[in-house]
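Here's the structure we're looking at; comments come further down.
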2 protein chains.
Amino acid sequence: MSLRHAVLGLLSAGPASGYDLLKTFELSLENVWPATQSQLYAELGRLAQEGLVRVAAEGPRGRKEYEITEEGRAELRHWLVEVSPAVNRRSDMLLRVFFLDQVGTGAARGYLERLAERAVHEHDQLLGIREFVIGQGDDALRLYGDIALEWGLRLTAAQREWAEWAAGRVAALEQEKAPEQGKAGQSAERQ
Amino acid sequence: MSLRHAVLGLLSAGPASGYDLLKTFELSLENVWPATQSQLYAELGRLAQEGLVRVAAEGPRGRKEYEITEEGRAELRHWLVEVSPAVNRRSDMLLRVFFLDQVGTGAARGYLERLAERAVHEHDQLLGIREFVIGQGDDALRLYGDIALEWGLRLTAAQREWAEWAAGRVAALEQEKAPEQGKAGQSAERQ
DNA sequence: GCTTCCATGTAATGCGTTACATGATTTT
DNA sequence: AAAATCATGTAACGCATTACATGGAAGC
């Protein structure tokens with residue numbers, strides 16, 4: 001149930017409409033907590049009903065500008081320091097690894113190599129973002145943005161290294177199982 | 001929609017009942033793709049209706065032993081090699097980092113330190129699992145199990161290092177913002 | 001005989017996605 | 001005048017969680 005906290009968090013930086021928040025979700029929270037338009041408007045309605053946010057002003061085209069209330073701020077802080085973060089357990093990527101013996105070493109290695117490539121690509125994208133956001137915001141905001149970005153960089157780097165290592169291990173098994181193929185078939189060594 | 005593939009993957013190793021599968025989910029897939037009893041029985045029903053699995057035998061207490069069909073195996077392989085894995089974007093842990101400026105440096109540092117501790121704990125648990133499963137299964141199964149476990153180890157190690165680094169950066173900001181506290185207030189240096 | 005384990009199912013509720021639906025204002 | 005953007009809302013559907021509900025078989 002973190003969507004509400006994401007909304008409260010964004011509103012804690014200043015008032016915004018549902019539409020504004022949607023843009024922010026698409027831009028800066030896309031890789032952390034994606035949300036759709038439907039979800040946002042529904043959540044804003046609920047938050048307003050519960051008194052955690054309030055409509056501060058109405059603009060053209062039915063625009064409603066929401067503002068966080070003191071209760072909202074309290075709930076945000078409570079969540080931040082007292083509710084322990086949920087771990088993200090589901091991993092499609094890893095689930096597949098468990099079943100890779102169903103497709104043979106060639107395809108398995110291919111899968112892992114593609115994971116490595118994807119990790120490199122994501123890493124590069126994050127480096128691009130870092131260049132773009134350098135020096136934005138005040139001290140604290142910049143620091144926490146940096147910290148989040150650094151996690152992305154470390155995660156993608158670790159994923160790349162792991163996937164390459166894993167592809168290597170699969171390749172070793174491949175050699176071991178088919179030593180008769182090719183003339184360099186000295187595969188008796190198992191380290 | 002990976003639950004079905006998790007089920008197909010498990011059944012690809014041999015027939016099992018819903019109850020058996022549930023135990024396997026609780027034991028070995030808990031950290032990769034958790035599933036509840038309700039979900040499992042529903043999914044088995046759907047898979048059977050679509051011909052991807054079949055009831056191979058009925059036992060005592062209404063036990064139904066499911067078996068993967070050729071279509072099921074084909075679907076599993078298709079998913080493994082042709083469907084690109086979905087990335088797990090939502091991260092409660094990281095979402096909080098974005099809003100840490102709402103709680104002050106002390107609480108923020110505390111949050112990051114607890115993340116580091118948790119990562120250490122998870123890492124240790126994985127090491128325990130590794131000791132326990134050493135040498136189980138045939139070559140291929142052991143390899144892919146190892147690879148999955150290795151990811152867990154690298155992820156938790158990276159998380160620990162990152163969280164400790166981040167806590168250090170917050171501590172530096174803390175010093176910078178409150179240099180008057182304590183007598184060792186030489187905080188003019190910024191790296 | 002009692003407890004534990006095996007074994008399957010249904011119902012209610014919530015979150016998330018996709019699609020549908022509408023209209024006002026600003027920009028070109 | 002047309003197109004793009006701003007702006008909000010509803011509906012249908014699927015997946016996940018929790019709780020409810022039932023009963024047979026095996027072990028002590």
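In what follows, chains carry the letters A, B, and so on, assigned in the order in which the sequence lines appear, proteins first and then strands, with residues in each chain numbered from 1. Worth saying up front: this structure is predicted, and the values here are computed from it rather than measured.
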Separation of [X] atom [atom1] from [N] atom [atom2], in whole Å?
X	N	atom1	atom2	result
A:Y41	D:dT10	OH	P	12 Å
A:D20	D:dC6	CG	C1'	9 Å
A:L29	C:dG16	CG	P	13 Å
A:L40	D:dT10	CG	C1'	15 Å
B:L22	C:dC5	CG	P	14 Å
B:R46	D:dC15	CZ	C1'	8 Å
B:L95	C:dC15	CG	C1'	16 Å
A:K64	C:dA24	NZ	C1'	15 Å

Quick check against the 3.5 Å criterion: does A:N88 have a side-chain atom that pairs as donor or acceptor with the backbone of B:N88? no

Hey, is [X] close enough to [Y] for a salt bridge, meaning N to O under 4.0 Å?
X	Y	value
B:E26	B:K23	yes
A:E50	A:R46	no
B:R63	B:D20	yes
A:R130	A:D146	no
B:D92	B:R96	yes

Protein-nucleotides 17-21 of chain D N/O pairs under 3.5 Å:
residue	atom	partner	partner atom	Å
D:dT17	OP1	A:R90	NH2	3.3
D:dT17	OP2	A:R90	NH2	3.2
D:dT17	OP2	B:Q39	OE1	3.1
D:dT18	O4	B:S38	OG	2.6
D:dA19	N6	B:S38	OG	2.8

Under 3.5 Å between N/O atoms: give me all the protein pairs with nucleotides 26-28 of chain C, atom names plus distance.
none

If you pin A:W33 and B:R63 to their nearest nucleotides in DNA chain C, which one's is more 5'? B:R63

Could you measure the distance from the CD atom of A:E58 to the OG atom of A:S17? Nearest 0.5 Å is fine. 11.5 Å

Nearest 0.5 Å please: distance from the NE2 atom of A:H123 over to the CZ atom of A:R154. 11.0 Å

What orientation do B:W162 and A:W151 show, parallel under 30°, tilted 30 to 60°, or perpendicular over 60°? tilted

